[in-house]
**Q** 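Dropping the structure in here first, questions after.
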Protein chains: 4
Amino acid sequence: MGKHTVQASVKDEKLVAVRRAQMVKGAVSLFKEKGFHRTTTREIARAAGFSIGTLYEYIRTKDDVLYLVCDSIYENVKERLDQALNTEKGSLESLTAAVASYFKVMNEFQEEVLILYQEMQSLPSESIKYILGKEMEMVAMFETILQKCVENGEFLLTKREIDGIAHNIFVQGQMWGFRRWAMQKLYTIEEYTDLQLRYLLNGVRMRDI
Amino acid sequence: MGKHTVQASVKDEKLVAVRRAQMVKGAVSLFKEKGFHRTTTREIARAAGFSIGTLYEYIRTKDDVLYLVCDSIYENVKERLDQALNTEKGSLESLTAAVASYFKVMNEFQEEVLILYQEMQSLPSESIKYILGKEMEMVAMFETILQKCVENGEFLLTKREIDGIAHNIFVQGQMWGFRRWAMQKLYTIEEYTDLQLRYLLNGVRMRDI
Amino acid sequence: MGKHTVQASVKDEKLVAVRRAQMVKGAVSLFKEKGFHRTTTREIARAAGFSIGTLYEYIRTKDDVLYLVCDSIYENVKERLDQALNTEKGSLESLTAAVASYFKVMNEFQEEVLILYQEMQSLPSESIKYILGKEMEMVAMFETILQKCVENGEFLLTKREIDGIAHNIFVQGQMWGFRRWAMQKLYTIEEYTDLQLRYLLNGVRMRDI
Amino acid sequence: MGKHTVQASVKDEKLVAVRRAQMVKGAVSLFKEKGFHRTTTREIARAAGFSIGTLYEYIRTKDDVLYLVCDSIYENVKERLDQALNTEKGSLESLTAAVASYFKVMNEFQEEVLILYQEMQSLPSESIKYILGKEMEMVAMFETILQKCVENGEFLLTKREIDGIAHNIFVQGQMWGFRRWAMQKLYTIEEYTDLQLRYLLNGVRMRDI
DNA sequence: AATGAATGAGTTTTCATTCAT
DNA sequence: CATGAATGAAAACTCATTCAT
């Protein structure tokens, strides 16, 4: 955190949180529609339900909005994921369930994740690192699950293979939203989940026994 | 093509092609650095080696530059891919070779592909469709190879499975460039190719014999 | 006075005086640093030790602050000058002492006088006249002293000459602060006083006797 | 010069000079009326006879206008002064003539000099130094004249006295415009010149003869 | 009396596009 | 064909002022 905090002129921290939530909500819906650069600060203010002057009481520059949006998206995704994965016990079923949950979350947040990928580059590299750090935490969740599975003797995998698979899971989840114009014609999210799981598990399942 | 053609004031088609090539080259290197929206038309003209007035003799709007850039990128990728895959004969080895070639091409064009993903949204939806069509053609290349493999009795796959695998191959190639900050710490391009091929083939290889 | 009074919402006149003194003190130090236009009302409030809302309980507009500051500066200068010159008796020595005192005061208030000259123009012309009136009173002090000297037979001067000399004295005092970047490299305030006095008295001293 | 040059987007140096002259002329008349801070860039552009976009082809920031204005004022004053003083021969008459010329120039440029004193503080300190350097050159002109007079045996003065007198001459010239509301009620410029010259010369004339 | 969040008019600055030369 | 000066709409951002608490 520390420097990854956007300065507000308003002192009341509760209020800052409330206003920023309004702001992010409005901004996300605008960014979905036209992207960050084609959205004006006035539009963001209006969508948030307050004036341009008020907007600037809660941020310093337009880039702050982008940062807040990106941060909020991953925060939401991670929160939903934490809830979904916290019962995980290192079994094949729980891995399956975790991946299915993750894909569902990514289905829900597909537009938001698209924003992240398209606009994050405009942030200062410090902020990019910070946000990608959150992504790594999510990948690490899958690594942990896989690791447990290995420890439980469900799979036989090296650390490197675990890393690779965790990445693949993560990317396949994003891909659903990313390439929805192609994927969502071919499959429902459930079908897609089944397909990818089968494909992933082919790679990881210990030969019978 | 038809409407997917950018109008030029200059008649000499050879010259148009030459100037646009200069323009795209300059623009790509600028877009890599700062993105489409943070790049000005003046900068594009300068990078191309001519004046702002001349730039506008070869395009109508700034968006035309983006279109030309996106189009050119996929044209280049496809061209390289056509070369790499045209000797393909429907065998496991040729599939392996094709995927490896594709990954190599994506490694080479990673920054350009990034541009595509980040900026394509700014194009009119007509242009997006047109360019995504090219992407579909590339996916179709892998479908064809897989189909031939099935026909040759190498694999046993349904049409749907073929589509899914082709997509996965395609996405894993893009993922290399996309998530290079994570992937390229873990693997060399060759290691990455091996890893992904093993997973892919685990899923497609006919159960022994 | 009359219209040269700044309206306050707060009734308690004692409090008004206290708050305005705080305000002027903070504002002067800000104006010294960055000038009137580059200083915001929020900064003035903060420097004064209260909130922006409170600031506006004691003034009507930002210009009021400038007026109050200008007024206060001359008020302070005049007060110090009154103290210094009230023992004056119309002799050459007392003139000398008066000029020396005045130069000392101007040395002390040089930054404040700079503010006056740089920002007074932003006041409504009514206020300018009012404040310049105070300046005239100060010039008049020197006229009075000179007049007494003439009456005492120390000098032989016409009314016009007295006016001119009084002005010269006044301007030379301001010049010390105004052109301090040039003058204060050449002289100490004492040397400067000596120099200017000699020069002034050359013009006014009655030929020997 | 060197870094004291304002960057223009337009290449044609002749044109830059012409447009900047228009700009300065318009800006000076606006600054006389309402000061730098109360004048908008749009007003400057309009007064100069071109659009806001064009204005910014010839400057980088609004502060550049102020710099150009300040520079131009002293350039003009110095040029007029150079013309007036170049026939100077180190006699009492030529000193008298020089001072009279200078006062006349300051009478002519009184509003411009007022601008300098009121707005120069807003410039970066580098530019202030550069411009005050020009002022020092003007003071040096009088020092040179006085020095010649001393060499010719007209006056008997130390170097320090010369410096002090040159400063006094310079300040008395500025004072005429500065305090015109007071001075110009009492005297015509000619009378003022006579008066100040008499004082000055009382101080410098060699005893008797 | 004191506070500080809210407001929006107003300001500087940029930049895609045009057009006369 | 090529040039680059001119344009002005549009954008980000500021800040004096108000007013509900």
Side-chain angles (χ1 to χ4, degrees), chain A residues 8-12 15-16 18-19 37-45 49-65, chain B residues 8-12 15-16 19 37-46 49-65, chain C residues 8-12 15-16 19 37-46 49-65, chain D residues 8-12 15-16 18-19 37-45 49-65:
Chain A
S9 302
V10 171
K11 299 290 176 74
D12 183 340
L15 188 56
V16 170
V18 170
R19 291 277 178 271
H37 286 100
R38 300 222 197 263
T39 301
T40 69
T41 50
R42 296 192 111 87
E43 287 171 318
I44 295 169
F50 37 71
S51 71
I52 183 67
T54 300
L55 180 72
Y56 275 90
E57 292 283 306
Y58 295 93
I59 53 163
R60 272 238 200 296
T61 69
K62 190 187 175 191
D63 282 343
D64 284 347
V65 180
Chain B
S9 304
V10 172
K11 307 289 171 179
D12 182 340
L15 188 54
V16 170
R19 290 275 181 271
H37 285 99
R38 300 219 198 264
T39 301
T40 69
T41 51
R42 292 174 118 98
E43 287 172 319
I44 295 168
R46 201 181 316 132
F50 37 72
S51 72
I52 182 67
T54 301
L55 181 74
Y56 274 85
E57 294 287 312
Y58 295 94
I59 53 162
R60 279 241 184 293
T61 71
K62 189 188 176 190
D63 283 343
D64 284 348
V65 180
Chain C
S9 305
V10 172
K11 308 287 171 182
D12 182 342
L15 188 54
V16 170
R19 291 277 179 270
H37 286 100
R38 301 222 197 263
T39 301
T40 68
T41 51
R42 292 173 118 96
E43 287 172 318
I44 295 168
R46 201 180 316 132
F50 37 72
S51 72
I52 182 66
T54 300
L55 181 73
Y56 274 86
E57 294 288 312
Y58 297 93
I59 54 161
R60 278 243 184 291
T61 70
K62 190 188 176 191
D63 283 343
D64 283 349
V65 180
Chain D
S9 302
V10 171
K11 302 290 176 73
D12 183 339
L15 189 55
V16 170
V18 170
R19 291 277 179 271
H37 286 100
R38 300 221 197 264
T39 301
T40 69
T41 52
R42 297 192 111 87
E43 288 172 318
I44 295 169
F50 37 70
S51 70
I52 183 66
T54 300
L55 179 72
Y56 275 89
E57 292 284 304
Y58 294 93
I59 53 162
R60 274 236 199 297
T61 67
K62 190 188 175 189
D63 283 344
D64 284 347
V65 180

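In what follows, chains are A, B, ... by sequence order, proteins preceding strands, each numbered from 1.
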**Q** Roughly how many Å is it from CZ in A:Arg19 to C1' in E:dA6, rounded to a whole number?
**A**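 These atoms are roughly 9 Å apart.
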
**Q** Kindly give the heavy-atom pair with the smallest separation between B:Tyr56 and B:Thr61, and that separation in Å.
**A**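 Looks like CE2-CA, 4.4 Å.
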
**Q** Which residues pass the side-chain contact (heavy atoms from CB on, under 4.5 Å) test with B:Ser9, not counting sequence neighbours?
**A**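 Scan of B:Ser9 (side-chain contact (heavy atoms from CB on, under 4.5 Å), adjacent residues dropped) gives B:Glu57, B:Arg60.
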
**Q** Rounded to whole Å, please give me the gap between CD in B:Glu57 and P in E:dT18.
**A**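 In whole Å, E:dT18 P lies 11 Å from B:Glu57 CD.
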
**Q** Between C:Thr54 and B:Gly53, which is nearer to the 5' end of DNA chain E once each is assigned its nearest nucleotide?
**A**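 It is C:Thr54 whose nearest nucleotide is closer to the 5' end.
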
**Q** Which range-with-range stems can be found for DNA chain E when each stem has 3 or more Watson-Crick or G-U pairs in a row and both distances sit under 3.5 Å?
**A**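 As far as DNA chain E goes, consecutive pairing (with distances under 3.5 Å) yields the stems E:2-21 with F:2-21.
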
**Q** What is the distance from OH of D:Tyr58 to C1' of F:dA6, rounded to the nearest Å?
**A**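 After rounding, the reported distance stands at 8 Å.
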
**Q** What is the distance, rounded to the nearest whole Å, between atom CD of A:Glu43 and atom P of F:dA11?
**A**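 Result: 7 Å.
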
**Q** Quickly work out the C:Leu55 CG to F:dC19 P distance and round it to whole Å.
**A**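 Rounded to the whole Å, the gap is 17 Å.
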
**Q** Do you know the tightest heavy-atom contact between D:Thr39 and D:Lys62?
**A**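 That closest heavy-atom pairing would be O-NZ, 2.8 Å.
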
**Q** List the residues meeting side-chain contact (heavy atoms from CB on, under 4.5 Å) with D:Arg38, not counting sequence neighbours, and say none if there are none.
**A**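 For D:Arg38 the side-chain contact (heavy atoms from CB on, under 4.5 Å) partners, ignoring immediate neighbours, are C:Phe36, C:His37, C:Asp63, C:Ser122, D:Lys34.
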
**Q** Are there any protein N/O atoms within less than 3.5 Å of an N/O atom in nucleotides 10-13 of chain E, and if so, which ones and at what distance?
**A**
unit_1: E:dG10; atom_1: O6; unit_2: A:Arg42; atom_2: NH1; d: 3.4
unit_1: E:dT12; atom_1: OP1; unit_2: D:Lys62; atom_2: NZ; d: 2.9
unit_1: E:dT12; atom_1: OP2; unit_2: D:Thr41; atom_2: N; d: 2.9
unit_1: E:dT12; atom_1: OP2; unit_2: D:Thr41; atom_2: OG1; d: 3.1
unit_1: E:dT13; atom_1: OP2; unit_2: D:Tyr56; atom_2: OH; d: 2.6
unit_1: E:dT13; atom_1: OP2; unit_2: D:Lys62; atom_2: N; d: 2.8
unit_1: E:dT13; atom_1: O4; unit_2: D:Arg42; atom_2: NH1; d: 3.1

**Q** Starting at the 5' end of DNA chain E, which residue's closest nucleotide do you reach first, A:Gly49 or C:Lys11?
**A**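 Checking each residue's closest nucleotide, the 5'-ward one belongs to C:Lys11.
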
**Q** By salt bridge (charged side-chain N to carboxylate O under 4.0 Å, His left out), which residues pair with C:Arg46, not counting sequence neighbours?
**A**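 In terms of salt bridge (charged side-chain N to carboxylate O under 4.0 Å, His left out), with neighbours along the sequence ignored, C:Arg46 is linked to no residue.
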
**Q** Any idea which heavy atoms bring A:Val10 and A:Val16 closest together, and the distance?
**A**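 Result for this residue pair: O-CG2, 3.5 Å.
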
**Q** Given atom CG of D:Asp12 and atom C1' of E:dA20, what is their separation to the nearest angstrom?
**A**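 For the pair D:Asp12 CG and E:dA20 C1', the rounded distance is 15 Å.
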
**Q** Would you please name every residue forming a side-chain contact (heavy atoms from CB on, under 4.5 Å) with A:Ser51, sequence neighbours left out?
**A**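 In terms of side-chain contact (heavy atoms from CB on, under 4.5 Å), with neighbours along the sequence ignored, A:Ser51 is linked to A:Thr54.
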
**Q** Compare every heavy atom of A:Ala45 with every heavy atom of A:Leu55, then report the nearest pair and how far apart it is.
**A**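 Shortest heavy-atom contact: CB-CB, 4.1 Å.
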
